[in-house]
Amino acid sequence: MSASQAGAGGSEFVMENSPAPSLLEARGISKSFGAVRALQEVDFTLRAGEIHALLGENGAGKSTLIKAITGVFPRDAGVIRISGEEVAPRSAKAALQAGIATVYQEVNLLPNLSVAQNLFLDRQPMRLGIVREAEMRRRAKALLGGFGLDIDVSAPLGSYSVAVQHVTAIARAVDLSARVLILDEPTASLDRHEVEILFDIMRQLAGRGIGIVFVSHFLDQVYEISDCITVLRNGRLVGQRETASLPRLELIRMMLGRELAETTSVRAATGEHQAREVCASFEGYGKAGYVAPFNLELRHGEVVGLAGLLGSGRTETARLVFGAERADRGQAKVEGEPVRLLSPRDGVRHGFGYCPEERKTDGIVAELTVRENIVLALQAKRGLHRPLSRREQDEIASRYVKMLDIRPPDPERPVGLLSGGNQQKVLLARWLATSPRLLVLDEPTRGIDVGAHAEIIRLIRELCDDGLALLVISSELDEIVTYSDRVVVLRDRAHVDELTGEAIDISNILAAIAADSAVVAHEGRA
Amino acid sequence: GQLTIGFSQIGSESGWRAAETSVSKQEAAKRQVNLKIADAQQKQENQIKAIRSFIAQNVDAIFLAPVVSTGWDSVLKEAKEAKIPVVLLDRDIDPSGKELYLTAVTSDSVHEGEVAGDWLAKTVGAKACNIVELQGTVGASVAANRKKGFDTAIAKHSNLKVVRSQTGDFTRAKGKEVMESFIKAEGGGKSICAVYAHNDDMMVGAIQAMKEAGLKPGKEILTVSIDAVPDIFKAMAAGEANATVELTPNMAGPALDAIAAFKDKGTVPPKWIQTESKLYTAADDPQKIYDSKKGLGY
Amino acid sequence: MTALLPRRGLAQILALIVILAVDRVVSPQFFDLRLQDGRLFGSLIDVLNRGTPVALLSLGMVLVIATRGIDLSVGAVMAISGAIAASLADSHGLPVVLAAALGAGLVCGLWNGFLVSVLGMQPIVATLILMVAGRGIAQLITEGRIVTFSSPDLVWLGNGSILGVPVPVAIALGMLILTGAVVRGSALGLLIEATGGNARASELAGVGTRAMILAVYVWCGVCAALAGVIAAADIMGADANNAGLWLELDAILAVVIGGTSLFGGRFSLVLAVLGALIIQTMNTGILLSGYPPEFNLLVKAVVVLAVLLLQSPKLSGFSGVVARLRRAKA
Amino acid sequence: MKGLPPVLITAIVLVLGFALCAVQFPNIASTRVVGNLLTDNAFLGIVATGMTFVIISGGIDLSVGSVIGFTTVFVALAIERWGVPPLVAFVAILVLSAGFGAAMGAVIHVFDLPPFIVTLAGMFLARGASFLLSTESVPITAPIYSTVSDFALRLPGGGRLTAIAIIMLAIVIGGALLLTLTRFGANVYALGGNRVAANLMGVAVGRMTVRIYMLSSLLAGIAGIVFSFYTSAGYSLSAVGVELDTIAAVVIGGTLLTGGQGSVIGTFLGVLIQGLIQTYINFDGTLSSWWTKIATGVLLFAFIALQQALVALARRPVAKSAGAAS
Ligand SMILES: Nc1ncnc2c1ncn2[C@@H]1O[C@H](COP(=O)(O)OP(=O)(O)OP(=O)(O)O)[C@@H](O)[C@H]1O
Ligand SMILES: Nc1ncnc2c1ncn2[C@@H]1O[C@H](COP(=O)(O)OP(=O)(O)OP(=O)(O)O)[C@@H](O)[C@H]1O
Ligand SMILES: [Mg+2]
Ligand SMILES: [Mg+2]
């Protein structure tokens with residue numbers, strides 16, 4: 001399918017007030033996890049051909065509602081009807097059979113299988129009981145082609161970046177030809193271009209009468225794509241509105257239950273920064289086959305943003321800077337002293353911190369409590385023989401739970417049970433607790449709600465004002481523009497440009513990214 | 001020229017087995033025979049593999065100490081096809097394979113049990129006697145035979161009764177542990193009159209357990225076991241053990257002689273060369289026997 | 001500190017009580033205790049005493065398993081240390097004997113740790129190597145014989161008593177307290193749990209995961225060596241062929257009965273030792289019952305299944321969430 | 001998922017090892033020894049095939065050795081004592097063992113218990129049950145046994161490809177095809193990759209778990225029958241400790257114990273490597289019991305270390321291009 005066709009067909013077909021029949025109807029859904037009441041009497045209605053945004057703060061219960069509907073979690077109460085008929089799926093498979101295809105928020109693909117197998121797991125094309133491998137690959141290629149992805153589909157999925165994995169998950173769900181498509185934060189790790197493609201496809205599907213549930217923390221996207229919005233807060237339904245008739249501020253108030261302070265660009269004047277002391281510097285730093293050698297200076301009290309397309313080498317840069325990966329050339333200096341960064345331990349020892357982008361596999365220790373996750377890096381830094389007493393741990397944990405508004409505010413809860421956004425905050429707390437001199441944040445706001453998003457950006461500025469040096473990676477250019485003092489642009493695993501002061505704006509960044517041909521198309525859409 | 005003989009040994013599960021191996025080596029060296037020992041680590045599969053590789057190497061004869069009595073037909077047939085004579089050591093195999101081997105140098109383990117039972121019956125006399133039995137490994141044919149022989153011997157005497165029987169896996173540690181619980185279960189050991197163990201190692205452990213419980217093995221409680229390993233003679237010398245039935249570790253000597261005669265003159269040995277199951281008691285100067293056995297590699 | 005106390009040991013305690021009750025039924029004198037030569041005497045003491053080797057093994061094993069590893073070589077290490085101790089006992093003083101035996105355990109642990117953490121081998125095969133070769137080394141030392149000794153010091157380790165309590169039991173208790181103090185008194189416990197929970201994330205948080213893994217295998221080796229010395233002291237001889245044979249499975253079983261997941265992460269020392277006691281209570285009960293030995297394994301299978309079902313999240317409800325999480329991680 | 005590089009590496013290790021052994025003992029490089037290698041390890045190859053499925057799915061099956069032991073005793077008693085025709089006995093035991101595996105799989109899934117322990121209990125259970133049947137070894141004299149054990153394809157050079165070796169090769173090939181070509185196979189990998197994700201993607205995790213353990217036990221049953229052909233007897237202590245040999249073979253064959261990766265062909269090569277080690281030691285013939293163990297350990301280490309080194313060499317950092325197409 002081609003993207004342009006999809007766009008044309010879909011957008012005109014959006015029904016504003018036509019009383020389409022309800023396709024999926026959930027009534028009085030409740031779900032508790034022990035003492036935590038994740039959902040209380042929530043109603044939700046999805047009509048055919050509608051793109052319905054499901055919104056709320058981190059931990060509001062969006063993912064839980066989805067899982068309760070698809071039968072992944074047994075419901076405590078409530079009924080679900082599809083086209084007026086009551087269904088009670090008890091497993092993901094049953095939900096699929098009932099016509100509900102879902103992309104869950106967590107990585108729910110199999111990194112060890114090939115991309116093609118992931119796309120067609122349990123529904124491979126068969127002949128005489130044998131999977132038709134070539135046919136499957138051909139279809140996989142075609143399917144991903146519709147998302148503008150041209151990759152080797154016989155390679156293991158795990159060898160591709162998160163973004164590719166996410167697109168694969170979406171492609172799989174879209175291809176299931178269900179009546180209801182649920183997408184839980186599908187755009188969190190996609191860049192603009194891919195988001196555009198996804199939206200085109202969503203519009204096209206809606207045009208065919210499929211109902212789509214869309215969860216996102218990007219309000220721009222919500223307004224761009226959705227027909228209708230349902231807001232949850234603390235596990236309760238706040239309301240359901242037509243998107244067109246719901247002002248942005250009103251929506252935020254519905255989500256947060258309060259007003260949100262305006263976040264403005266709080267970048268300080270440029271001149272000031274040249275005077276600041278260099279915290280860490282990297283000269284000719286790089287690793288063959290990983291990132292081309294680069295020069296980078298990080299100063300106290302300064303935010304450096306890394307911008308680039310997916311796979312441009314931002315994460316790689318971050319890992320080299322932190323010491324998670326060994327450089328094979330160049331020189332690193334901390335406060336002017338040459339240092340060797342051979343392992344994360346070296347990074348931590350020199351006062352660096354690093355929030356990785358894949359928080360599930362590289363960040364949290366799911367089984368340990370919020371408290372233990374928060375003190376982990378600090379404890380590792382202090383060493384074995386200087387254990388933090390339980391009192392100190394409690395004190396640190398509750399300080400950051402309060403400061404970052406981690407919910408539920410229970411430091412003794414296993415962190416794996418927290419919602420995605422709150423897990424991100426725990427990671428941030430882990431590094432703040434070490435009082436680092438340099439903090440590397442890879443996609444810190446991914447999956448974070450508007451309230452917390454503003455909070456984290458404010459925090460970044462504050463930390464900066466306290467003299468911390470920050471290196472931040474984000475796929476959201478407006479966000480980068482908001483807080484960066486300097487922006488380094490990457491392309492094809494090489495640093496290609498550096499913007500400072502007034503030069504920092506979205507179009508300049510895009511221009512740098514697109515310095516050659518292909519990406520110019522982007523600019524128009526941005 | 002010099003004979004090359006492959007010996008498929010079971011493994012090294014006990015001191016007795018180690019002694020058999022080292023005595024076999026000594027005997028082979030005495031006769032200038034090149035003895036290749038393949039250790040099967042207690043697995044029949046490994047023994048079969050070993051025999052196959054001996055056949056592949058075209059040895060002059062094969063010694064086999066079978067870990068179990070069955071399952072040798074096809075591999076022994078292969079040996080026969082390759083015209084390699086096979087001698088069984090220590091244990092016999094299933095009767096169906098009789099024509100597949102030249103001779104078997106073994107003791108009769110049922111008989112060993114009988115010797116032990118007869119000794120006990122004679123020693124106890126007419127007095128009522130509760131016996132506890134430490135069995136070998138469940139499923140091991142030696143254990144079953146030694147049990148069978150002993151049971152047959154005491155069946156003739158209604159005053160003798162086995163009150164408890166549990167496996168001690170042929171080991172000291174388990175022998176001790178099982179004996180400890182026998183003592184608890186039999187009212188502190190007061191009602192136990194004799195202990196019968198399927199091997200000496202378990203008995204050595206059991207003797208420790210009795211001593212720790214304040215009992216006097218060898219005096220209050222009679223002991224009889226099988227194998228005649230050095231340590232039981234030490235206990236006997238100390239008056240803590242009463243009797244043991246010898247299982248000689250020298251099976252290879254007679255086997256080597258039989259093979260030499262067969263190769264040189266074509267003398268076909270008898271099908272079964274039975275070793276003696278000699279009974280030793282405290283009357284046999286245990287200290288001297290201990291000294292003589294010490295160096296044999298037990 | 002908290003994990004030293006059974007926070008979630010309800011199922012285990014319940015299982016122990018039930019098995020004790022069954023033992024009482026099959027053997028009415030099960031709870032009888034008397035003092036004999038200044039030493040407590042009775043089936044309960046037997047349970048503790050005979051449970052000591054597995055309890056010691058489980059102390060090391062639980063840490064290894066907490067890092068997502070497994071150590072199959074502990075039985076062989078027992079045989080090695082026992083062989084060393086027995087060969088030196090009559091010619092050297094107890095300190096030398098202990099140092100040599102425990103030193104051997106330490107070296108074995110280092111070897112395992114090296115294979116796993118530095119060479120990156122899968123723990124089960126890495127330790128399988130020493131499981132096979134280690135017993136060979138032990139037999140090499142004893143030349144396949146049972147090496148006996150009479151050194152009263154070493155014998156005391158196996159058969160002596162302190163205030164009526166058998167020395168092995170006292171040693172196991174001491175090791176439990178020592179391990180608990182080291183692991184929970186320092187940050188080791190947290191860092192081990194983090195390593196086992198998510199090694200990649202822990203590494204990125206600055207935890208020296210390799211050092212952690214090396215350390216737990218070393219400790220496991222030392223615990224196994226101590227168990228080996230005690231086993232040798234118990235029978236006043238080193239039986240390299242049989243000492244510790246298949247005990248690695250019992251130790252793993254004890255750890256799992258103690259509620260530690262084979263997927264690593266959270267562990268409890270006390271519950272692992274409790275698991276060892278549960279196994280031994282069952283074994284002693286079987287010996288006391290007077291059933292023919294052919295039934296031993298069947299009884300064992302049934303009891304193990306019953307104890308596990310008692311802990312099953314699906315049946316007991318509590319800690320179900322944790323288990324689901326563990327699965328999600330796996 | 002393709003599994004080719006690890007398999008290739010294992011194959012290289014095997015060939016290198018074989019060549020080294022043959023240099024020292026030229027007799028090893030004969031069809032006779034190769035034929036023996038296949039025959040002697042036939043039962044191991046069969047159980048290891050089943051174990052490969054279990055391990056790839058993220059589980060483990062410790063009961064296989066005991067199931068083999070039980071099978072030999074059951075078959076022997078059925079044929080010799082109960083007068084059951086051999087083929088009927090085979091069918092009965094295969095149904096029984098498959099049911100046993102299915103039960104273990106069901107317990108693992110329904111009660112959410114670790115496979116290691118459930119199958120450990122299964123190991124006790126099967127071994128205990130075979131003790132109950134008979135503690136003596138029972139010879140089997142049925143004619144089919146001599147027919148089967150006498151059957152062999154002659155290889156050039158005096159080697160024999162026996163019936164049981166052929167059965168094993170057939171099962172290995174069948175297993176490899178099942179794992180790589182079918183939906184079942186893909187689901188096995190899926191389970192090992194991530195159970196939760198597989199569940200969310202619509203794989204019937206419970207049913208798969210039951211089937212995988214069923215397959216493993218079924219193959220252990222077949223291995224038991226093969227073992228009874230090999231030894232013409234049933235014995236309750238046969239195949240003690242085989243589970244560890246099997247796991248070692250699977251892991252040496254490049255399968256990850258954490259699941260999600262591996263291949264049946266690799267396992268087959270792993271079995272051959274183990275057999276080669278054994279053959280080498282037998283050919284040497286000078287090793288005492290303890291040196292045998294030590295040598296086995298050292299060779300195991302050498303093979304695995306060689307394999308790791310080759311893997312490290314093969315894993316030169318070649319970055320995948322992962323960008324979006326424009
Ligand atoms: N498996 C679970 N066990 C226990 N509690 C859970 C579980 N899953 C979610 N919760 C709790 O339920 C609440 C709702 O979580 P949910 O994941 O639905 O939030 P969300 O709205 O999707 O948030 P986010 O935007 O961060 O993804 C949270 O308090 C969370 O801690
Ligand atoms: N923790 C890690 N360990 C090993 N490889 C990694 C890790 N994190 C990322 N990679 C690899 O780096 C490659 C490129 O990553 P990625 O596409 O995320 O680059 P990026 O420039 O950081 O883009 P973005 O952050 O937008 O995703 C991927 O193939 C990914 O597998
Ligand atoms: Mg969510
Ligand atoms: Mg990245």
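Below, chains carry the letters A, B, ... as their sequence lines are ordered, and counting in each starts from 1. Only this structure's heavy atoms are used, side chains among them; waters, hydrogens and symmetry mates stay out.
Proximity to chain B is absent for every atom of D:Ser130, based on heavy atoms less than 4.5 angstrom apart. Using a 4.5 Å cut-off between heavy atoms, D:Val242 contacts chain B through its side chain alone, with no backbone atom that close. Residue B:Thr21: no heavy atom, backbone or side chain, is found under 4.5 Å from chain D. For a residue to count as touching a neighbouring chain, one of its non-hydrogen atoms must lie under 4.5 Å from one of that chain's; by this rule B:Glu78 touches chain D with the side chain only. Only the side chain of B:Lys43 comes within less than 4.5 Å of a heavy atom of chain D; its backbone N, CA, C and O stay farther away. If you measure heavy-atom distances from D:Ser137 to chain B, the contacts under 4.5 Å come from both the backbone and the side chain. With a 4.5 Å cut-off on non-hydrogen atoms, D:Trp290 touches chain B through its side chain but not through its backbone. Looking at D:Phe227, only its side chain comes within 4.5 Å of chain B, counting heavy atoms on both sides. Using a 4.5 Å cut-off between heavy atoms, B:Thr137 contacts chain D through its side chain alone, with no backbone atom that close. Residue B:Gln57 touches chain D through both its backbone and its side chain, counting heavy-atom pairs closer than 4.5 Å.
A distance of 8.0 Å separates OG of D:Ser149 from CG of B:Asp73, quoted to the nearest 0.5 Å. In this structure, OG1 on B:Thr167 lies 8.5 Å from CZ on D:Phe131, to the nearest 0.5 angstrom. To the nearest 0.5 Å, atom NZ of residue D:Lys293 and atom OG of residue B:Ser12 are 6.0 Å apart. The CG atom of B:Asn58 lies 8.5 Å from the CG atom of D:Asn27; values are rounded to the nearest 0.5 Å.
Counting heavy atoms from C-beta outward, D:Asp40 and B:Glu45 have side chains that stay 4.5 Å or more apart. D:Gln278 is listed as a side-chain neighbour of B:Asn46, based on a closest heavy-atom distance under 4.5 Å.
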| request: Walk me through it: do B:Lys77 and D:Asp150 pass the test side chain to side chain contact (heavy atoms under 4.5 Å, CB included)? | output: CA-CA 10 Å; B:Lys77 242 178 251 167; D:Asp150 289 346; 4.1 Å; yes
| request: Decide side chain to side chain contact (heavy atoms under 4.5 Å, CB included) for B:Ile48 and D:Thr231; before the verdict, give the C-alpha distance in whole Å, the side-chain angles of both, and the deciding distance to 0.1 Å. | output: CA-CA 9 Å; B:Ile48 294 177; D:Thr231 62; 4.1 Å; yes
| Would D:Ser289 and B:Gln41 satisfy side chain to side chain contact (heavy atoms under 4.5 Å, CB included), going step by step from the backbone distance to the final call? | CA-CA 7 Å; D:Ser289 186; B:Gln41 314 283 328; 4.1 Å; yes
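By the 6.0 Å contact criterion, NZ on B:Lys263 is enclosed, its count of non-hydrogen atoms from other residues, nucleotides or ligands being greater than 12.
With D:Tyr235 contributing its side chain and B:Gly139 its backbone, the two residues share a donor-acceptor pair below 3.5 Å.
Options B:Ser74, B:Ala38, B:Ala56 differ in how many heavy-atom pairs under 4.5 Å they form with chain D, and the most are formed by B:Ala56.
Residues B:Ala140 and D:Leu237 come closest through the heavy atom pair N-CD1, 4.0 Å. Looking at every heavy atom in both residues, B:Arg52 comes nearest to D:Tyr230 through NH1-CE1, 3.5 Å.
Judged by distance alone, the side chains of D:Thr292 and B:Asp39 never bring a donor and an acceptor atom under 3.5 Å apart.
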